[in-house]
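To start, the structure itself, in structure tokens.
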Amino acid sequence: MPTREPARARRPAYPAGQGRPRTLRQAPARIQPRRRPGDVLAGLGALLLLVALVGGVPYALLRFAGPPISPELLNLDLLTSSVGPSTIMAVLVVFVWLAWLQLAVCVVVEVYAGVRRVGMPARVPLSGGTQALANKLVSAVLLLFTAGAVVVPIASMATPPAPPPMTAVAFTAPVAEQEEETRQSKKVYVVQPPHGRHHESLWEIAEKCLGDGRRYPEIFKLNQHKEQPDGARLRMADLIRPGWVLDMPDDARNTHVVPAHQARAQTLEEHPAKAGGERAIVRDRVDQSVTQKQDVAKPEVRDALQEDGVRMQPAADGLELVDFLAGASLAAAGLLAVLGRRRREQLWHRLFGHRVVRPRGDAAEVEVALRLGADAPGARILDIGLRLLGAELAAAGRTPPTVYGAHLSPRTLDLWIHPPDGDPPAPWTVKDGGQVWRLAAHEGRLLEDQPGGAPYPGLVSIGTDESGRVLVDLEAAQGLINIRGPQTTAALAALAVELATNRWSDRMRITLVGFGEELTAIAPDRIRAVGSLAAALPELEATAAPRQEVLTGRITGRPRDAHYLLSAVAPTHDEARRLALLARNDTAGYVVTGDVPHATWTWEITEDGLAKIPELGFEVTAQLLPRRHYRALIELFRTADRMDGEAIPEAQPLADLHPPAVEIRLLGPLEVVGPEPMEQGRMALATELLVYLATHPGGVHPVVLGGVLWPRGVQAMVRDATIARVTDWLGPRHLRIDQAGRLTLGPDVRTDWVLFRELVRRSQGDPTARAVLLEKALGLVRGPLLSGRPEGRYAWLAGDELEYDVAAEVADAAHRLCELRLADGAPEAAIAAVRAALLLATDDESLWRDLLRATHATGDLGRLRAVVEGLTRRSTSHPHGGGMAPETEALIDELLPSWRLHVVRESTA
């Protein structure tokens, strides 16, 4: 069993930023430094009532009714004798004493919480109404005696400095419109339940939502004396309760936006307080995305978005695609690798004048999310580190230990092993007395690819904690894993996708029962879907193998297929018995839903998205693949399986070929030529903004642009300030806004891609200058599209036509020029044309075939053999795999029949 602290649910961090811009800045709300007469009278009245209840009631009872238990109730004859009026009166006295004792305990608890400022008072059992009364009385009394403590820090705060002047952006809404919007909606925060011993305070809420804990008096002033859903009112800044709905200043973030006059009870029903606040916080991120209510509600914004083709429907699962898929970092890396292989195959079948089919709608959004979240370096460290571990253990004649869990963070890869072993092979180190083997990330990045087998193919992510990703080895359970909860199918789908696409496994079979038939579109060689456990059990029983034999075979070059069963169908009694017997004697993983007796691990998926395995002490934010996300992912891969292609749209004519005032170079290293460079920290974002505007000449609304540049959400003020800064940099002549509110670039701003298309278009209408114009166009290509762009940015390219069109049109231009030069008897010029295009469209094998033909035309067999050898090495070491296209192999057979013999010699050398 693990000794490390259990992983806890992850709380997403949010970028610092300001709230929605306000045209009229209001001074921070302040509490009046003097107590009002009403507060004094209420406090005195509450004090007298408390004294009467706490001290007067027991005095009166002792004087007129006697002690709590009278001698009559202690007489044992009471059980057999008749009950008289005196006995009934004695029992009633006991009940009154008990009620008073309950009230006294509630008062003590409330006074302790108020005086010590611990936040939420402890709950006294069976004292709902009584404790509520005590809370109101104690709050009023404490306010009487401690109001000065609340006022003094506020009064001593210096007046906040005036904000720096900000350049007004042309598309800022008019003052009247903003005021009207303010009247229609407001921002609120729901106080969350305690997490462990931690209780939320107004200071913490101000720090999270306003960026400064010292602004808590503003929240206090907005909510003072307002009735909350439980009937209580905020009277002291130190006394707030979970479930209270607090009005927030206009510039607050991480909040909910609700109608201005909506009842607090209804707000709480729509946005319930949950432990950890995970879902509410994730939803806040969605509220800050391109469909922010305060922006989309405006008629002119909504109309512009609809004209631009932006879909306005909310996410079916309440969360955007990016929130789930971008967090599945290892699965995203595996999916992108598989998708890359499919795209290579699409390029093999691409026809001249066509591009490969690109994803649209949710499928495009899925790929954007995958590009945002993919952790390719982490997947590589996991893969190479495990293979190196297996190879070193095999060389020492040792059997790999049981790894029941792993934790991957930016700094380390930890394996939790059993039994403890203090002697891991280098560069692995030992922690926690041999229970943890650790590989530092900086060591893992230096490792070379390992040829050894994959010892732990069953490692799969179950979710994330505060510092990284938690994985479990399905084989380590050595028994059934019972998965339960309302989101089991979503969890099973996420497991299947990662298992089927991970790079730290070799030979694998996954049997899905009762779900996932469409997942065969992602990995048909690994996934099989059946409708019942009865259909899966015979094969599982026929291929079972003992654990030590399988583990040893994996690291010594005699691997067996890893087999995993994921069932969304509950087993019958007989099926559960057969599965349990099989799981104890087989090296495989069995994850089964339903009521499964004698399961080794119980894996619970809670309603609020937590994954818990009590036997291992794990509690993490679950990795899920809900239904909408699942369908979108399947559609993405179905799109990648289409080989028919799409016709490339015609280019718009360009009247002027003179150099522009500002040139944005896309066909190679990313550059903006013309204006003076911005400061380094802001240049990358400004450049991406210009690239998007330049490749969408019809204009882009600021709300859409915000969603493109900040796909995880951004405050409107940050977005508007960025646009204003770029406008100041370029000048209003080059970055303008039209009457519909869209941003456009002026006619003196141009990309090299637009010039390339114009030169190609003109070459088609001028046969005499065709070759010269095509050479000029290919001379603009300097390298891969947008090379040098910052990692993690430009994910929007996944759903855009730019990279599909650029690769296809550059390859077609080179192919046309190659044919012209070969027809003219100039093979060297043909080779130069093709090599220029290969700088950008490296994966288009039609270009490699053109290079083979052009090189063969030179008559130099040694040179041709060098091209073939280079192409062969590239195809075998390609990061997406897949070899080379059959058509390319057939051409090599025709031009250089002996090439396979040379390949065999190199592989055996």
Side-chain angles (χ1 to χ4, degrees), residues 12-16 285 321-323 325-340 343 364-384 408-413 440-447 449 461 464 467-469 501-503 664-672 677-692 695 705-714 718 722 726 782-800 802-804 806-807 839-840 842-843 878-880:
Y14 295 89
R285 288 169 51 189
L321 293 169
V322 68
D323 290 295
L325 295 175
S329 56
L330 296 178
L335 285 165
L336 284 182
V338 175
L339 188 63
R343 294 269 167 79
E365 193 175 345
V366 162
E367 188 172 349
V368 170
L370 296 179
R371 293 191 186 191
L372 281 171
D375 183 13
R380 181 183 183 275
I381 290 175
L382 190 60
D383 174 34
I384 296 177
L408 179 65
S409 73
R411 293 186 175 182
T412 60
L413 168 61
H442 68 274
E443 294 279 359
R445 285 190 288 269
L446 297 177
L447 297 177
D449 290 347
S461 301
T464 55
S467 57
R469 180 157 300 276
T501 60
N502 73 50
R503 58 176 288 176
I664 305 170
R665 296 179 178 175
L666 315 178
L667 305 180
L670 183 56
E671 294 179 314
V672 179
M678 295 181 71
E679 53 268 40
Q680 190 62 34
R682 292 174 172 172
M683 189 65 189
L685 182 60
T687 302
E688 185 176 5
L689 185 151
L690 289 183
V691 169
Y692 192 81
T695 54
L705 191 61
V708 168
L709 300 181
W710 295 275
R712 298 178 187 270
V714 67
V718 175
T722 300
V726 177
R782 299 167 293 113
L785 177 69
L786 296 169
S787 65
R789 60 183 183 265
E791 184 178 355
R793 303 209 66 89
Y794 294 83
W796 53 268
L797 287 171
D800 198 89
L802 179 65
E803 63 181 7
Y804 298 92
V806 169
L839 292 173
L840 188 145
T842 312
D843 282 339
H878 195 282
H880 296 150

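In this text, all values refer to a predicted model and were calculated from it rather than measured experimentally. Residue numbers run from 1 in the order of the sequence given.
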Test log, rule side chain to side chain contact (heavy atoms under 4.5 Å, CB included), inputs Val714 and Thr722 = CA-CA 11 Å; Val714 67; Thr722 300; over 6 Å; no
Kindly compute the distance separating CZ (Arg380) from CG (Asp449), expressed to the nearest 0.5 Å.
-> 5.0 Å
Could you state the interatomic distance from OG1 (Thr695) to CH2 (Trp796), rounded to the nearest 0.5 Å?
-> 4.0 Å
Atom CG of Asn502 and atom CG of Leu382: how far apart are they, to the nearest 0.5 Å?
-> 8.0 Å
Hey, are the side chains of Val366 and Leu335 touching, using non-hydrogen atoms and a 4.5 Å cut-off?
-> no
So Val691 and Leu670, side chain to side chain contact (heavy atoms under 4.5 Å, CB included) or not? Walk me through it.
-> CA-CA 9 Å; Val691 169; Leu670 183 56; 3.8 Å; yes
For Pro669 and Arg782, the nearest pair of non-hydrogen atoms, with its separation, is O-NH2, 3.0 Å
Rounded to the nearest 0.5 angstrom, the CZ-CD1 distance for Arg503 and Ile384 is 5.5 Å
Atom of Leu336, atom of His880 and distance for their closest heavy-atom approach | O-NE2, 4.4 Å
Does Glu367 reach the main-chain N or O of Gly799 with its side chain, forming a donor-acceptor pair under 3.5 Å?
-> no
Taking Arg793 for the side chain and Leu709 for the main chain, is one N or O donor matched with an acceptor at less than 3.5 Å?
-> yes
Which pair of heavy atoms, one from Met678 and one from Ala686, lies closest together, and at what distance?
-> SD-CB, 3.4 Å
dist Arg411:CZ -> Ser467:OG (nearest 0.5 Å) comes out at 10.0 Å
Option from Thr687, Leu705, Leu802, Leu797 for which side chain to side chain contact (heavy atoms under 4.5 Å, CB included) with Tyr692 holds | Leu705
Between Glu803 and Arg343, is there a side-chain N and carboxylate O pair less than 4.0 Å apart?
-> no
Tightest non-hydrogen contact, residues Ala328 and Arg469, listed as CA-NH2, 3.8 Å
Which atom pair, heavy atoms only, marks the closest approach of Pro790 to Ala684?
-> CG-CB, 3.8 Å
Identify the two heavy atoms, one from Thr501 and one from Ala331, that lie closest to each other, and give their separation to 0.1 Å.
-> OG1-O, 4.1 Å
Please round to the nearest 0.5 Å and tell me the distance separating atom CG of Leu840 and atom CG of Leu786.
-> 9.0 Å
Residues forming a salt bridge (charged side-chain N to carboxylate O under 4.0 Å, His left out) with Asp843, sequence neighbours excluded = Arg874
